[in-house]
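Before any comments, here is the structure.
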Protein chains: 2
Amino acid sequence: MTTVRPRGGSRATIYQVAEAAGVSIATVSRMISSPDKVSPGTRDKVQHAIDRLNYVPHGAARSLAARQQEAYGLVLPELAGPYYAELLTGFEQAAAERGAGVVLLLTHDKEDVERAVSRLAGRVDAIALMGGVHASVETVSAVARKIPVVRVAAEQTDEIETFSTENMESARELTRHLLHVHGLRRLVFVGATATVPDARGRYQGFVEAHREAGLRPAPRLAADLSEDGGRRVAEMVADGLLSADGVVCANDELALGLLAGLAAAGIEVPGTIAVTGWDDQMAARYVTPALTTVRQPVRELGRRVADRIHELLSGENGSTADHEIATELVVRRSCGCP
Amino acid sequence: MTTVRPRGGSRATIYQVAEAAGVSIATVSRMISSPDKVSPGTRDKVQHAIDRLNYVPHGAARSLAARQQEAYGLVLPELAGPYYAELLTGFEQAAAERGAGVVLLLTHDKEDVERAVSRLAGRVDAIALMGGVHASVETVSAVARKIPVVRVAAEQTDEIETFSTENMESARELTRHLLHVHGLRRLVFVGATATVPDARGRYQGFVEAHREAGLRPAPRLAADLSEDGGRRVAEMVADGLLSADGVVCANDELALGLLAGLAAAGIEVPGTIAVTGWDDQMAARYVTPALTTVRQPVRELGRRVADRIHELLSGENGSTADHEIATELVVRRSCGCP
DNA sequence: TTGTATGCGTTATCAC
DNA sequence: GTGATAACGCATACAA
């Protein structure tokens, strides 16, 4: 095992290739971007030189001359859970299909997010910013003045396009199910969080389902969207502080933690209390009882975001309408279904 | 909702800032990289101009002039499961601490991986390549001739540094546990895969534990490292094709699928057959019985890879020794423990 | 089809 | 401390 590059890897430049092939750099350049614009004869010569010299164009030089970075930026708070990973996967796929690379920025551990986002803006053609990311409106719109910016699962704004999965309708459907199929009457929604706009829409659906049934919805209960948050709710139930017959959680981790806490306290699910989640992550299928939840096509969401960025960049106008992706209710046993 | 940039965002250049501040571009440049080398007076002027013009240096131009891209490349097969996400998280954190961005390449869906990796090599200072990635030795060493390349969880090579989590020892410990604590005697290892070098080391530990106990290890059973792979193994057991009293799976998903399949077939775990996994992903804690597995500090692995890349780049020689990270056996109920 | 020449926005090396 | 100015490696308009 040895250091790969003994200090100073030799990168061939377009000039060296041109000289080796006995042509001008313009021809080499054409060879890279549009090989069909160069005659078969020279094409071989140049290709041979490229192979022999192991030539790869210098990305920065390309970007500078061509005035485009061939890269999209994606800003995420973190990568915990399947949501962000799926989003990133779809985003990267679509970006790659457009010939763009993806530079990723995780903000969770950073001290100066604003600065990081600004810097990023200097290295990419456009940026997609996840809702949960803590960046000031000023910074975001400053960046947006330079390059296209879109947001994912964020508050709607007049100046920035927003993408999200559908929340309200699915939450309403889910709540109706609890209300009318299982006859539950003391439902509580857990997961109020300022930083997750998605949660707000979900609660809204929860409220509407109650209203249309002539019932009064309980105010939502604040909790971390984490297993710990769920365990804390379980404690409230165990202590008799909370006496619901069903808990609608803003995400799966919360629900999973709640399930674990309830089981530890000997409280039956769904018998004594029903539980639902949101995301349909892997553990939701494996826990007992299996978790009723809502599946979001997050990968597709990521794809669309990147596609839209490409539209923005290439001047195609496309739809500027709301970009909202449908979700799917996944009924399992934790809600009371057999 | 409106298109952010009406075709042609106005990016201020260093020249405009210089003019607005009444200084030369050299001073502006200094202002960016080392503000202390410019007098307090002009510093204010320049900073003011920067703020007013919303100036952010053009990344490509910087890279070209400074001869470094300030970015590391990470090549992963995909992002399914927690492993890659954790690796990426640690990698990004460490890279960011070094002032480098991360450009991510997912190869799973790409048709021409070699080409993609080559292109990437033109845009970053160094590349970390995951073992499972399907890239020819020629391509990799061609890239390695240009920029530093390290591999993660890959076969050892003479010319490329390799990072991985410890496999053999932990597998031996795990197998010993099954053999001696639970008295199991018909163990089988599932998950032979050419593309996952990690699995090989794990089987090796499995073999050694048998040898040192004077037992004959069964040959390993091929299977996809997925839930489906696990279900298929369960079918073999249900059909009486396989009659083991314990199954050591190469990863958790495999074990989880196996658990589900066994449960569906009415076969008791761990009573009739014990099951273990590898990775300790979330579902492992929630499944019943909870899965005995091995936890790998993957995030730390990612951090170290990025740190080493920085060393390589900055000429610090550091250790060229084997980069192997310790793992931790996590004993739960699926192996027979109470 | 091919070559020449200019510009892309910075950094860095010099002088001053 | 500050300012000219020469690279940096490539794309591209234009000319041949």
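Residue numbers begin at 1 in each chain, while the letters A, B, ... track the order of the sequences.
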Distance below 4.0 Å between B:S29 side-chain N/O and C:dA12 OP1 or OP2: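 Checking C:dA12 against B:S29, no side-chain N or O comes under 4.0 Å of OP1 or OP2.
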message: Check this one for me: any side-chain N or O of A:S39 less than 4.0 Å away from OP1 or OP2 of C:dT1?
response: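 So the side-chain polar atoms of A:S39 never come under 4.0 Å of the phosphate oxygens OP1 or OP2 of C:dT1.
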Nearest-Å distance, [atom1] ([X]) to [atom2] ([N])?
| X | N | atom1 | atom2 | result |
| --- | --- | --- | --- | --- |
| A:K146 | C:dG9 | NZ | C1' | 15 Å |
| B:Q68 | C:dG9 | CD | C1' | 16 Å |
| A:R67 | C:dG9 | CZ | C1' | 10 Å |
| B:R11 | C:dG7 | CZ | C1' | 17 Å |
| B:E19 | C:dG9 | CD | C1' | 16 Å |
| A:R30 | C:dT4 | CZ | P | 11 Å |
| A:M31 | C:dT1 | CE | P | 14 Å |
| A:H58 | C:dG9 | NE2 | P | 17 Å |

message: Walk me through whether A:H134 and A:V113 qualify under side chain to side chain contact (heavy atoms under 4.5 Å, CB included).
response: CA-CA 7 Å; A:H134 199 63; A:V113 174; 5.5 Å; no
For [X], report the nucleic acid contact type (base, sugar-phosphate, nothing); a contact means any heavy atom under 4.0 Å.
| X | result |
| --- | --- |
| B:S33 | nothing |
| B:V23 | sugar-phosphate |
| A:I25 | base |
| B:S63 | nothing |

query: Using a heavy-atom cut-off of 4.0 Å to chain B, what are the terminal contacting nucleotides of DNA chain D, in 5' to 3' order?
result: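 Both ends considered, the range comes out as D:dG1 to D:dG9.
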- prompt: Among side-chain atoms of A:S63 and B:R123, is any donor-acceptor pair under 3.5 angstrom?
  reply: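 A pair is found: one side chain offers a donor N or O, the other an acceptor, under 3.5 Å apart.
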- request: Would you indicate whether the side-chain heavy atoms of B:R304 and B:H323 approach each other to under 4.5 Å?
  value: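 When only atoms from C-beta onward are counted, B:R304 and B:H323 do not touch, as no gap falls below 4.5 Å.
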Heavy-atom donor-acceptor pair, A:K45 side chain to A:G41 backbone, under 3.5 Å: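 Not at all, since once roles are kept as given, no pair shorter than 3.5 Å links the two residues.
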Heavy-atom donor-acceptor pair, B:E92 side chain to B:V102 backbone, under 3.5 Å: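 The answer is no, because no donor-acceptor pair under 3.5 Å joins these two groups.
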field: Position toward the 5' end of DNA chain D (nearest nucleotide), B:A66 or A:A66
entry: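 This one resolves to B:A66.
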query: Toward the 5' end of DNA chain D, which comes first, B:S24 or A:P57, by nearest nucleotide?
result: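 The answer here is B:S24.
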- request: Taking atom CZ of A:R43 as the centre, report whether more than 12 heavy atoms of other residues, nucleotides or ligands fall under 6.0 Å from it.
  value: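 Check passes, neighbour count above 12.
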task: Find the distance between CG (A:L106) and CD (B:Q93) and round it off to the nearest 0.5 Å.
output: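 The CD atom of B:Q93 is 7.5 Å from CG of A:L106, to the nearest 0.5 Å.
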